Structure formats: structure tokens, C-alpha cells
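Since the structure comes first, as C-alpha cells, the remarks are kept for the end.
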Amino acid sequence: MAGPLGRDFFARPTVQVARSLLTCRLVVDRGTVDEVVATLVEVEAYLGLRDPASHAYRGPTPRAGIMFGPPGHLYVYLSYGIHHCANLVCEDHGTAGAVLLRAAAVERGEEVVRERRGSGLARVIPVPDLLRGPGNLCRGLGIALGDNGLDVCSATSRVEVWEPAVRSRVAVARGPRVGISAATERPLRFAVRGHPAVSRPAL
DNA sequence: CTGCCGATCGCCT
DNA sequence: GGCGATCGGCAGC
């Protein structure tokens, strides 16, 4: 792996960032016993003030304000009162944009993820399902509201994003975003075509 | 202060 | 394919 992505990577148009985040690695709690490395295989772009499906559509409210701040920070929120969803803030300071992390493939730290997903379940979770879906991804990586605002470009952050040393040429599938009721026609969902960790519905 | 509703998930039919 | 769980943000009164 080459190293953590810097702020310049995120200070670009959100759609570009979303696309290029595919095959990048999420590195959580690096250097600890809880270290997890996972490859991003599915993301969605949310375009701020010009996107009615974005939480930033109504401007810098207390919750969405983080998306108007500097790029390279986490925006985490609670969905349906149960699950957490994590986004990476994009664009320059003052412009809202974010990429929702929808699914990743576990490369390292499978046991840690498995513990967080719940050991008392009736059935054993298949490996590709461990971080499949935005809620499951947050749960498996231990990301919650306390991580909201985290600077992933900081050396001390428990969450980092790394670019792979060799960018493999994967086919990128593109389609409508999941679970929204506004701007459903925009193809702002991106995924590694055919990867088993991509959530439903399949692209 | 109240009421609505959601960038979801897993179990049930 | 349907639905219940569960709670914070936000708009409106």
C-alpha cells in the first residue's frame, strides 16, 4: 500500500472522489490489536446544496454542517434510529459534498469484525457479508456517532484511507442510489462490478 | 415542545 | 416482498 490519502484527494468534485475511492483501503485502528483493513467496493456520491437527497441540501444545519467544512473528515449519522452510516466529506471548505461508504471487503482483522457484528447470531456470517451495507460497514468497523467529524488525514486518526500501491483495473458499475426518495434518477452509486461484497440491489 | 420520517437490516411469510 | 425496530434531526406550531 502506498500510504494514507491526503486532503487534496478529497478536495475534488465529489463524483470523482467517489469513483476513485473504489479499491482504496479503509485502515482502522492501525497498529493496535483491533486493526482492520478493508477494500472499498461500493460508494455513493451526495452533492450537497444541489442534491435533494443530501442531508446538506437545506444548508449547514447542526447535523449537516460538517459537510460544509474542510474535506477529509468523517460525517457519521444515525439511520432509522438503529444503524450508523459513514461518509467522507469532499470538495473545498464552504462547498458541501460527501461520499457514503456502502460496502467493503475485509482484508485483515476478520475476527475483530466478526466480534462486532455479533457472535450470538444463529448463523455464521459469510465473509463477503461482514461489511456489506452501510450499517453493517459501520458496525463491523466500530464507527459510531463519536467518530463524527474525525479527520481521516490526521496521523492520529483511528480511521485512515489508503490508496493501493498498484491500482488494479476493475470494472466500475454505476447506477441509481439506494433507499432514497428524491433525485432517484441520478446514477451516483458506484461499485466494483460483480464483487460479492456489493450490497443489494445488485448493480 | 410535538410529530413525522429516514442514505437500513434481518426476520417473517 | 413485507414489515417492525428505534431515535435524532428538523420543521412547524
Side-chain angles (χ1 to χ4, degrees), chain A residues 10 13-15 17-19 21-22 26 38 40-69 71 73-91 95-106 113-150 152 159 173-191 196-203:
Chain A
F10 300 100
T14 304
V15 172
V17 177
R19 226 197 109 96
L21 273 172
L22 293 178
L26 286 171
L40 278 169
V41 298
E42 183 189 352
V43 298
E44 281 176 1
Y46 285 86
L47 308 183
L49 287 173
R50 58 201 180 87
D51 179 5
S54 169
H55 288 171
Y57 183 58
R58 301 166 190 277
T61 60
R63 176 177 66 162
I66 183 77
M67 285 189 277
F68 289 83
H73 290 251
L74 278 185
Y75 165 53
V76 183
Y77 68 93
L78 187 60
S79 179
Y80 290 89
I82 301 175
H83 305 100
H84 295 282
C85 292
N87 301 251
L88 287 164
V89 175
C90 304
E91 313 266 357
T95 303
V99 175
L100 171 68
L101 309 179
R102 286 196 57 87
V106 177
V113 173
R114 211 170 267 290
E115 270 178 39
R116 292 191 180 121
R117 284 299 312 276
S119 44
L121 293 180
R123 110 200 152 100
V124 177
I125 302 173
V127 175
D129 291 355
L130 285 171
L131 301 176
R132 190 183 198 207
N136 290 334
L137 183 148
C138 281
R139 188 163 172 206
L141 296 180
I143 293 174
L145 288 183
D147 298 304
N148 190 33
L150 206 68
V152 304
V159 179
R174 187 174 180 170
R177 293 173 290 183
V178 178
I180 55 167
S181 50
T184 53
E185 73 290 349
R186 300 193 194 181
L188 295 175
R189 179 186 181 208
F190 299 91
V198 173
S199 70
R200 309 207 117 108
L203 259 182

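All chains are named by letter (A, B, ...) in the order of the sequence lines, taking the proteins before the strands, and each is independently numbered beginning at 1. Remember, predicted model here, so these are calculated numbers, not experimental data.
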Practice item. Rounded to the nearest angstrom, tell me the gap between atom CG in Leu137(A) and atom P in dG10(B). Key: 13 Å
Study note, to complete from the structure: Of dG10(B), dA5(C), dT8(B), the nucleotide closest to the side chain of Ile82(A) is dA5(C)
Revision key, fill the gap. When rounded to whole Å, the CG to C1' distance for the pair Asn136(A) and dT8(B) reads 9 Å
Exercise for review: Can you tell me, in whole Å, how much space there is between the P of dA5(C) and that of dT13(B)?
Suggested key: 15 Å
Point to revise | Euclidean distance, Arg63(A) CZ relative to Tyr77(A) OH, rounded to 0.5 Å | key: 7.5 Å
Practice item. Check if the side chain of Tyr80(A) and the base of dA5(C) share a donor-acceptor pair of N or O atoms closer than 3.5 Å. Key: no
Practice item. For Tyr46(A) and dA7(B), say yes or no: do the ring centres fall under 5.5 Å of each other while the ring planes differ by less than 30°? Key: yes
Check your understanding: Can you check the Leu101(A) CG to dT8(B) P distance for me, whole Å?
Key -> 13 Å
Exercise for review: Check whether any side-chain N or O of Arg139(A) sits under 4.0 Å from OP1 or OP2 of dC9(B), and answer yes or no.
Suggested key: no
Point to revise | Secondary-structure stems for DNA chain B, with pairs counted as Watson-Crick or G-U when both distances are under 3.5 Å and runs at least 3 long | key: B:1-6 with C:7-12, B:8-12 with C:1-5
Revision key, fill the gap. 5' to 3', nucleotides 8-13 of chain C under a 4.0 Å protein heavy-atom cut-off (B base, S sugar-phosphate only, - none) gives SSSS--
Review point. Of the non-hydrogen atoms in Arg117(A) and Leu130(A), which two are nearest, and what is the gap between them?
Key: NH1-O, 2.9 Å
Check your understanding: Between Arg102(A) and Val198(A), is there a donor-acceptor pair closer than 3.5 Å when you use the side chain of the first and the backbone of the second?
Key -> no
Review point. Between atom OH in Tyr57(A) and atom C1' in dG6(B), what is the gap in whole Å?
Key: 17 Å
**Study point:** Interatomic distance where CG belongs to Leu130(A) and P belongs to dG10(B) [whole Å]
**Key:** 11 Å
Exercise for review: Determine yes or no for a side-chain-to-main-chain donor-acceptor pair under 3.5 angstrom, with Glu91(A) supplying the side chain and Thr14(A) the backbone.
Suggested key: yes
Practice item. Write down the distance between CD1 (Ile125(A)) and C1' (dC9(B)), rounded to a whole number of angstrom. Key: 12 Å
Point to revise | Backbone N/O of Gly48(A) and side chain of Asp51(A): donor-acceptor pair under 3.5 Å | key: no
Check your understanding: For dG10(B), does OP1 or OP2 lie under 4.0 Å from any side-chain N or O of Arg117(A)?
Key -> yes
**Study point:** Short side-chain to backbone donor-acceptor contact, Arg189(A) and Arg177(A), under 3.5 Å
**Key:** no
